[in-house]
Amino acid sequence: MEFNIPSSAYVHIPFCRRRCFYCDFPISVVGDQRNGSNSGTIVQYVEKLCEEIDRANNFGESLRTIFFGGGTPSLLSVSQFHQILERLDRQFGIASDAEISMEIDPGTFDLTQIKGFKSAGANRISLGVQAFQSELLKACGRTHVVEDIYSSIELIHQSGIENFSLDLISGLPHQTIEIWQDSLDRAIALSPTHLSIYDLTIEPQTPFGKQFQPGEKPLPSDELTADLYRIAQQKLTHAGFEHYEISNYAKSGYQCQHNRVYWENRSFYGFGMGATSYLKGDRVSRPRKLREYYGWIEAPHSASETSQIEYLLDSLMVGLRLREGIRLKDLTERFGESAIAQILDCLQPYEKGAWVEIRPDRIRLTDPEGFLFSNVILTKLFARFDED
Ligand code: SF4
């Protein structure tokens, strides 16, 4: 199989003030008073992370997208952020018009810091708003309150970064249609260039997992959850956002280029604790604990080569998330006519049910119903190829 040369890098900054009640991400909790300037743990991590970058293979193309995800990357000091970018530049080169995104959380940075992040190269911000009701934020274990959201937006404006995205979560405990509509309206009023809307997933090992049963009160029922999705789709498209991916909306010209790499099943570098890289068909997941990650840098291992069938299923799983779907020509070239015939056969009933559109040149899910029931469709596709 042929794979594209990577030109994107994900960098994981795994520190958070506290752990939110629904979160099972690979993170390390540093408390309310610590950040990159006064935490030995963060200082050590940045050193190790840079070491990992220095040791990486360079496949020959400079980076066109870089995404600092977390955790809470805004807990880094400006000089740490700068240092990581410098090392990436030295190792791979960074294109002059590269998209450099940074996830930040309300209340975790000041004006000097955000201006410093911008001067160092950040040109896209993703702000973890989650909800616009302080009682909901508290119930989720978030460290911020609603006022922090507004002051953070003010700081982003003052920094001169125009491209900013807001994250919201639907399906939170005690969230009603009215509360959800209020969150969406307030988000729209802030004029972001992009919005990510995530449906709450209850992970078994989290406080929410121990406290709540999916679909049961105080969590919304499955019907209500579906309605929240439809409401977001209606409100946001009406406000001029393009629903370009199952969970993502953008004003024209502001789709997240980095995340598109994942949805197009292209190669990318990954750095940091818990990060995954995908290079030449090898998916490598780093350990999710600091000490083990530090050991792993010395002796990287556990590459799992992607088989042809896994690659096909991955391509379907991520590609059908996009509004434009998947080009049949690309699928045929990679996987042959018979695989495509099986896919189309499997999708036929969903086309009748108006969840899938099969066009001469592409297949795609409909918006919002196909997107909403994408899991049902993918389960069917996976089962079909498992039989073979
Ligand atoms: S801020 Fe994000 S990564 Fe950190 S604990 Fe909360 S949900 Fe998890």
Side-chain angles (χ1 to χ4, degrees), residues 10-36 39 41-42 45-46 49 67-76 80-81 101-109 113-114 117 124-149 151-153 155-156 164-173 175 183 187 194-212 219 247-248 256 258-259 270-276 285-290 293:
Y10 173 79
V11 181
H12 192 65
I13 307 297
F15 302 102
C16 290
R17 294 205 153 150
R18 294 177 229 161
R19 187 181 275 277
C20 303
F21 298 154
Y22 53 83
C23 177
D24 79 335
F25 287 177
I27 61 153
S28 168
V29 172
V30 291
D32 288 348
Q33 307 305 323
R34 296 280 172 194
N35 56 45
S39 158
T41 312
I42 300 182
Y45 181 79
V46 171
L49 177 71
F67 195 102
F68 285 79
T72 311
S74 42
L75 290 181
L76 289 177
Q80 287 167 337
F81 180 67
S101 302
M102 190 174 192
E103 286 183 340
I104 63 177
D105 277 320
T108 59
F109 61 96
Q113 225 178 331
I114 186 98
F117 293 146
R124 183 175 182 279
I125 291 293
S126 175
L127 184 70
V129 169
Q130 319 312 358
F132 278 90
Q133 300 76 26
S134 288
E135 61 285 2
L136 269 198
L137 291 168
K138 193 166 168 215
C140 294
R142 298 288 308 185
T143 51
H144 69 276
V145 291
V146 172
E147 292 71 43
D148 294 327
I149 300 170
S151 50
S152 297
I153 295 284
L155 295 178
I156 294 169
F164 72 96
S165 177
L166 306 179
D167 283 358
L168 290 179
I169 302 183
S170 69
L172 293 170
Q175 198 175 36
S183 277
H194 188 281
L195 275 149
S196 298
I197 310 281
Y198 299 109
D199 184 25
L200 179 71
T201 309
I202 299 292
E203 303 291 351
Q205 294 314 318
T206 62
F208 270 14
K210 293 182 181 134
Q211 220 179 329
F212 303 130
L219 295 179
S247 309
N248 287 280
C256 178
H258 182 85
N259 287 339
F271 300 107
M273 183 182 101
T276 296
S285 298
R286 284 140 191 78
R288 293 166 62 95
K289 295 247 175 340
L290 282 178
Y293 165 60

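Values in this document were obtained by computation on a predicted structure and should not be read as measured data. Counting convention: from 1, in listed order, for ligands and their atoms alike. Side chains are part of it too, since the values below use all heavy atoms of this structure and drop only hydrogens, waters and symmetry mates.
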**Item:** Region of Arg142 engaging ligand 1 - heavy atom pairs below 4.0 Å
**Value:**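 Answer for Arg142: side chain.
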
**Prompt:** Between Cys20 and ligand 1, which residue portion shows a heavy-atom distance shorter than 4.0 Å: side chain, backbone, both, or neither?
**Reply:**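 The part of Cys20 near ligand 1 is both the backbone and the side chain.
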
Mark up the atoms of ligand 1 that fall under 4.0 Å of a heavy atom belonging to [X], in ascending order.
X	answer
Ile27	3 (S), 5 (S)
Phe25	3 (S)
Asp105	1 (S)
Arg18	5 (S)

**Request:** Without swapping roles, check the side chain of Glu103 against the backbone of Gly70 for a donor-acceptor pair under 3.5 Å.
**Result:**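 Judged by distance alone, yes, a pair lies under 3.5 Å.
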
**Message:** Measuring from non-hydrogen atoms of Glu103 to any atom of ligand 1, is the shortest distance under 4.0 Å?
**Reply:**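 Heavy atoms of Glu103 never come under 4.0 Å of ligand 1.
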
**Request:** Answer yes or no for Gly128: is there a heavy-atom contact with ligand 1 below 4.0 Å?
**Result:**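 No, Gly128 has no heavy atom closer than 4.0 Å to ligand 1.
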
**Prompt:** According to the interplanar angle, ranging from 0 to 90°, do the rings of Tyr45 and Phe15 count as parallel (below 30°), tilted (30 to 60°) or perpendicular (above 60°)?
**Reply:**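 Answer is perpendicular, since the angle exceeds 60°.
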
**Asked** Do Thr206 and Asp24 have side-chain N/O donor and acceptor atoms under 3.5 Å apart?
**Response**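 No, Asp24 and Thr206 have no side-chain donor paired with an acceptor closer than 3.5 Å.
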
**Item:** Metal proximity, Cys23 vs atom 8 (Fe) of ligand 1, N/O/S cut-off 2.8 Å
**Value:**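 True for Cys23.
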
**Closest protein heavy atom (residue, atom, distance) for atom 3 (S) of ligand 1** =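 Among all protein heavy atoms, the one nearest atom 3 (S) of ligand 1 is Gly71 N, 3.2 Å.
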
**Asked** Got the closest protein heavy atom to atom 4 (Fe) of ligand 1, with its distance?
**Response**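 I find the closest protein heavy atom is Cys16 SG, 2.3 Å.
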
**Asked** Any salt bridge between Asp105 and Arg142, counting N to O under 4.0 Å?
**Response**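 Salt bridge flag = yes for Arg142 with Asp105.
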
